[in-house]
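Position 1 is the first residue of the sequence, and the numbers go up from there. What you see is a predicted model, and the numbers here were worked out from it, not measured in a lab.
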Amino acid sequence: MANAVVPGAPEETEHFARPVRSIARPWRDQLARALAELPSLDATERDVILEAGHTALLRSLHAKLSRLFLIELHALRLSGPAAGAGAAPGPGSASGSESGRAIWDAFVEQAGAEGYLDGLSDRYPNLARRIATVARLSVTATAEFAERLAADRDLLAPLLGAPAGRVRAVAFGAGDSHHGGLTVSRVDFAGGTVMYKPRPSEADVALGALLDDLFTGLPGAPAPDRRIRVPATLARDGYGWAEFIGHRYCADGAELAVFYRNLGHWLAVLRFTGGTDMHAENMIAAGPVPVIVDAETLFDAPAPFPPSGRGDAVDVAAAAIRRTVLRTGLLPVRGTGFALGGVDISGIGALPGQQPLIPHPVIADGGTATARFEVDLVAMPVAGNHPAATPVLSTYWDRVLAGFREMTAHLRRPGLDPHRLLARFEGARARRILRPTQAYVDIGRMLWHPASLHDEAAAVERARDILRRNADALPGAPTDRATIDGEIADLLVGDVPMFNFTVDAAAVRATVEDWRDADLAFEESVIQDALVGAYLNERSLPARVQEAAHAPHARDRERRRRELAARMVRRLSDGAVRGEDGTVTWISPVFSPAGWSIRVLPADLYTGQGGVALTLAEYACEVRAGRADEVPGVRETFEGALRVLISTEDRTPTPSAGAFSGAASQVWTWLALHRVLGDDWMLERAAERALLLTGGPLVDEDVEVDLLNGVAGAVVPLLDLATATGQTRWLDAAAHIGHRLGKLAVSDTGGARWPTRLNPEGIGGFAHGATGIGWALTRLALSEAGSAAERDDWNRLAARAFAFQESLYRPADGNWLDVRVGAEEDFFTSWCHGSAGIGIGMLDLHRRTGDPAHLDMARRAAGACAAEGFGWSHTLCHGDLGLWEFLTSIGSGDARDLDAEILSGLEQRGPVGGLAREAFSPSLMSGLAGVVHTLLRMHPDADLPNPLLLD
C-alpha cells in the first residue's frame, strides 16, 4: 500500500486541550508577532491565519502528548494524596466516580500550570526540546504561508474566476506533514477557494498541458468540460496554488458512463507517465470528471525485487505485476497488516459498504482517573472519489476497460513521439514512494510514546532497526545509515519523510521504454481482474445475470465431456507463468480473509496454488485410468506447480486456520494429493502442515471462525489426517478447536451462531455461517476425539446451530434467508452462502447419522436449487458447478439432464467465472480448475476428492 494513512477523525478526543493550550501559548504569541509584520494582510486576515495555525499546532501536540499525559495521570493517581481517598470505594460507586473525576481535574490543573514540562525533565529529558522543535517548525510554516499568500494574492484570480478579495478562512493539514510541518492547505477568499501546495508544482502544470495535447485529435473525445483533467495550477518558486475542485455526484447514468470511461483514460495516461499513488484522497469526482488533484508521483521506477525463493516463475510473475497499471494506485488493492488489513484506498475503489472496520486508538473513560487508551473499530470515512452515493463500479467495468484501450491506442498511433510528449516534464520535481506512509506513521507514534521520550536514544535505535528490516522486505527502500537517520529526524518532529528527484531526459527515456515494452493484453486482463478487489468477498459481487443454456442436451455426452476437459486443462496450462527453472504459477484475482486482490497465487485451496495443483494431478490420474484424453505438458505443469506450492508454504506466512484459505486447506490439499497419487511423502507433508493447527495464534487468536477462513475449517481435515496416519494427536487438536467453537458461540432462543469480524451478528450458510460450523461440530462428535461427554456437548451445540439456520427458513420462498448486511439478494442457491451448501452439508450428515431432520433440510435445499436452476457462473463456490455437485449427489432429477446443463452451458458461453466477467481465473473454487475438476468427476467411475465437503 502506497502513500496513504487511515484518514478520519483525530487520533484521540481532545481531553487534554487545557494543558496543550498552555504549552502552545508562547508559540501562539510568536506566530502573532510574525504575522504582525505583514502589513499587506489586514488585522482580521491575520487573526484568521493565526487561529488556523494555532489550531493545527494544538492538534499536532495533542496527538503526540496524550499518551504521556495518561501515564502522568496514573502516576498522580497512585502516588498523590487523592489516590488513597479514591481507592477504597468500588469502581461503580458514586464516591469512587466523584474521586476519579477529582483526580482527573487535579491532573489537568497541574499539567496546565506554567513550568509543568520543566518538572518532567528527569523522566523525559528531551521532551521540552522535542515540543519546541515541533512548535517552531509549525510557526515557521504558517508564517511562510502567510508571506506567500500576501505576495501572490493578486495572481490568483485565474484560479478563482474572480479577484481573490479578503481571506475569510484557512484550514491547514490537508494530507501529511512534510519538510518541517508543511501541509497542503485550503484558503477561502471572498472571491472563492484555492489550495496551497508547499511543494514544487511544475509537474502538475506539465500534466495539464499533456492532457490538452492528448485530447486534441482523440476520436470521439469527450467535451472539454467532461474529460479528465488536473486542477489549474499557478507554479511558484518551490510551491504552488491550485484550483479548488468541489465534489459532485453524477446527475444520471449518462454521466456515470462518462466518468468510468474517463477512469480508463486516466489508467492509460498514468501508465504512460509512470504515475503511482493515485489513491482515493488524490482524486475528486467532479460530476463525470475524475480530477487528479495531486500529481507529484510520476516517472516511477520500480526497484527490482530479490529472488523470492519460491521459484523463478513466481519472480517472473511478481515482476510482471509490478510493471502494470496496478502500480498507479487507481485500481483496487487490499491492504495488509494491523492498521490497514483489508482496506482498499484506491482511486477507483474504496467503495462505501465494501470496507472492513479499522482499528483506531481512543481514550476510554476520559475525564476520570481510569482514563486509558483502547483500540476501537471504526468505519473508514468516505472519500471524494466516488461519482455516486452508492457507486456502481461493477456495472461499468467495461467502460473502464474501453477507456483504457481507447487512450492507449491514441498514444500508440503511428507518428506520435512519446519522448516529445513527456519532455515537458524535464526539470520538474517528482516524488518517489520508497516506504508505505503507514509504516512511517506507526514508527512516528512509537517515537512519541512515553517510553521513547524517557530513553530517546534507545527508541531511535529501535526505529533504525525497524527501517532496516523494512528495507529487507521492500526493495528500493533506503538502507544506508545517513538516509535512515534523516527519516528518523523527520519522524521525531512529526513529519512524514519524502524522497524527491528531478525529472531528466534519462527518467523520460526509461519511462517511455517501460511503456513501450508493456504487454497490453496482460495489462487489460490485470484491469479486469483487479476491479474485483473493490468488492469484499462477503458482500455482493457484481449483479448476477442468469443465462441458462439454450436447448441443453446430453447427446454424445462422454465425447463432449472429454473434449471440454481437455480444452479447459490446456487453457489452464497455457495461462501459466513459467520459470527457467521449471517452476509454474499463475497470476489471478486471489481470495483472502481481507477480500479480493490480484497477485501471484498463494498456497491455499480456494484461489491458490494448492487447488490448481490438485486439479492437474486429478487430470493426470484420469488420463492414466483412460477417462480423460492426453494433453501434452500437463504433467510438467503439475510438477512445476507442485514445487511452487511447497516453497510457498515453506516461505510465506499462512494467513488463517481455514479449510480453504489457510493451514487446514494445506492439510486437506496434501491429503487429497496423497489419495490421487498415492505418494507417501504427501501424507507426511500433510502432517507437517497440520502442526500449524496444534494451538498457537492461528487457532487460539482466530477471529474468522467459519469453515472457509476460520478454525471450524480445521476440524474435518484434522479428523481425516488422524484416520490416515492413525495418530491421536490430530484428534486432540480437533477437540481443542471444538472447545474454542463452544466458547465463541452466541446462543439464544433462535439457536447458536458465531459472530465474526465481517459478520458481527452471525449468519447462516455453509462456508461462512452456522450450518458449516454445525456440520464440523457434528463430524467432531461422530469421531473418537474428546470424551463421550464432550462429544455430547458438540452434538448439542451443532443442533443449536442448525436451529439457527432453520430460523432463517421462509416457507413461502422455499429457501433460507441470507442475513449478510449488503447481500445483493435475500435468497441464494450457492454453496458458499445458499441452499446448495446447506443441502450438501445436511446430505452428508444424513448419510453418516441417518437423522431424518438432516434429510428433510437437504430435500428442501434441493427444491430451492432446482426451482432457481442453472445459468449462473461456472464455479464450484457460487455457480452451476456447485449446484450440479449437490443435485447429482442427492439424485434430484435425471443425471443426464444435469450433465447436459453443464456441458451445453460450457459449450455455449463458458467458462464464465462470475467475478470479473471474462477475467481469467485458474482457481479451483471460483475458476477454471473447478471446471476441469467437475468435468472429471462427471464420469461415473471417477473417484476423486470432493472439496465442497472436504471429502
Side-chain angles (χ1 to χ4, degrees), residues 341-342 356-359 374-379 536-539 593 656-662 664 697-716 734-781 785-786 789-810 816-823 826-828 832-835 837-838 841-842 845 853-854 857:
L357 298 178
I358 55 173
E374 289 185 352
V375 174
D376 196 9
L377 292 178
V378 301
L536 278 174
N537 57 282
E538 88 286 359
R539 304 285 183 176
S656 74
F660 293 87
S661 68
L698 284 186
V699 171
D700 296 334
E701 298 175 17
D702 172 65
V703 294
E704 305 296 341
V705 188
D706 65 15
L707 281 185
L708 206 125
N709 299 312
V711 291
V715 170
V716 170
H736 177 72
I737 292 172
H739 298 320
R740 178 158 174 78
L741 290 174
K743 293 176 182 177
L744 294 173
V746 172
S747 223
D748 55 25
T749 56
R753 63 190 190 281
W754 283 262
T756 68
R757 181 174 60 89
L758 296 178
N759 296 292
E761 296 301 317
I763 60 172
F766 192 73
H768 297 283
T771 294
I773 299 172
W775 170 80
L777 286 166
T778 305
R779 293 289 305 273
L780 186 60
E790 288 170 327
R791 292 192 289 272
D792 286 344
D793 288 342
W794 293 327
N795 248 331
R796 282 191 290 269
L797 183 56
R800 300 287 295 148
F802 303 144
F804 172 75
Q805 184 68 67
E806 284 289 63
S807 74
L808 304 177
Y809 188 72
R810 300 295 180 265
W816 291 265
L817 189 66
D818 181 357
V819 293
R820 289 174 294 158
V821 176
D826 291 334
F827 303 97
F828 273 82
C832 50
H833 285 292
S835 48
I838 295 170
M842 292 299 101
L845 293 184
H854 295 330
M857 285 185 75

Quiz item: Is there side-chain contact between D748 and R753, with heavy atoms separated by less than 4.5 Å?
Solution: yes
Quiz prompt | Residues which pass ring pair (Phe, Tyr, Trp, His ring centres under 6.0 Å) with H854, listed by chain and number, not counting sequence neighbours | solution = F802
Quiz item: R820 side chain to N759 main-chain N or O, any donor-acceptor pair under 3.5 Å?
Solution: no
Self-check item: Distance, nearest 0.5 Å, that separates OG of S656 from CD of E704
Solution: 7.0 Å
Self-check item: side-chain contact (heavy atoms from CB on, under 4.5 Å) partners of A799, counting only residues at least two apart
Solution: none
Exercise. Not counting sequence neighbours, which residues clear side chain to side chain donor-acceptor pair (under 3.5 Å) with S835? List them please.
Key: none
Quiz prompt | Shortest non-hydrogen contact from I773 toward A712 | solution = CG1-CB, 3.9 Å
Quiz item: Quick one: NE2 on H768 to CG on L708, what's the gap to the nearest 0.5 Å?
Solution: 4.5 Å
Quiz prompt | Contacts of type side chain to side chain donor-acceptor pair (under 3.5 Å), residue E761, not counting sequence neighbours | solution = none
Practice problem: Identify the two heavy atoms, one from G762 and one from V819, that lie closest to each other, and give their separation to 0.1 Å. | Solution: O-CG2, 4.1 Å
Quiz prompt | 4.5 Å side-chain heavy-atom contact, L780 and E790 | solution = no
Exercise. Can you sort out the partners of W816 under side chain to side chain donor-acceptor pair (under 3.5 Å), two or more places apart, ordered by chain and number?
Key: E806
Self-check item: Qualifying residues under side-chain contact (heavy atoms from CB on, under 4.5 Å), relative to L797, sequence neighbours excluded
Solution: A745, A752, W754, L777
Quiz prompt | Where D702 and V711 come nearest, the two heavy atoms and their spacing | solution = OD2-N, 3.2 Å
Practice problem: Taking salt bridge (charged side-chain N to carboxylate O under 4.0 Å, His left out) as the test, write out the residues that go with R796, two or more places apart. | Solution: D793
Quiz prompt | From CG (L845) to CE (M857), nearest 0.5 Å | solution = 9.5 Å
Exercise. Evaluate side chain to side chain contact (heavy atoms under 4.5 Å, CB included) for N795 paired with T778, printing each intermediate quantity in order.
Key: CA-CA 6 Å; N795 248 331; T778 305; 4.2 Å; yes
Self-check item: Shortest non-hydrogen separation from G751 to A803 and the atoms involved
Solution: CA-CB, 4.3 Å
Exercise. Apply salt bridge (charged side-chain N to carboxylate O under 4.0 Å, His left out) to E374 and list each qualifying residue two or more places apart in sequence or on a separate chain.
Key: R372
Practice problem: Could you please spell out the steps behind the side chain to side chain contact (heavy atoms under 4.5 Å, CB included) verdict for V716 and W775? | Solution: CA-CA 9 Å; V716 170; W775 170 80; 3.5 Å; yes
Exercise. Kindly write out the residues that satisfy side-chain contact (heavy atoms from CB on, under 4.5 Å) with A659, not counting sequence neighbours, or none if the list is empty.
Key: A664, L950
Quiz item: Looking at CZ of F827 and CG of D818, how far apart are the two atoms once the value is rounded to the nearest 0.5 Å?
Solution: 9.5 Å
Quiz item: Looking only at heavy atoms, which two atoms of V715 and A734 are closest? And how far apart?
Solution: O-CB, 4.3 Å
Quiz prompt | OG1-CG distance between T771 and L707, expressed to the nearest 0.5 angstrom | solution = 9.5 Å
Self-check item: Distance (rounded to the nearest 0.5 Å) between L808 CG and D826 CG
Solution: 11.5 Å
Quiz item: side chain to side chain contact (heavy atoms under 4.5 Å, CB included) between R800 and F804: does it pass, once the steps are laid out?
Solution: CA-CA 6 Å; R800 300 287 295 148; F804 172 75; over 6 Å; no
Quiz item: Which pair of non-hydrogen atoms, one from A801 and one from G774, has the smallest distance, and what is that distance?
Solution: CB-CA, 3.9 Å
Quiz item: Which residues satisfy the side chain to side chain donor-acceptor pair (under 3.5 Å) test with D376, sequence neighbours excluded?
Solution: none
Practice problem: Just jot down the ring pair (Phe, Tyr, Trp, His ring centres under 6.0 Å) partners of F660, sequence neighbours excluded, or say none. | Solution: W831
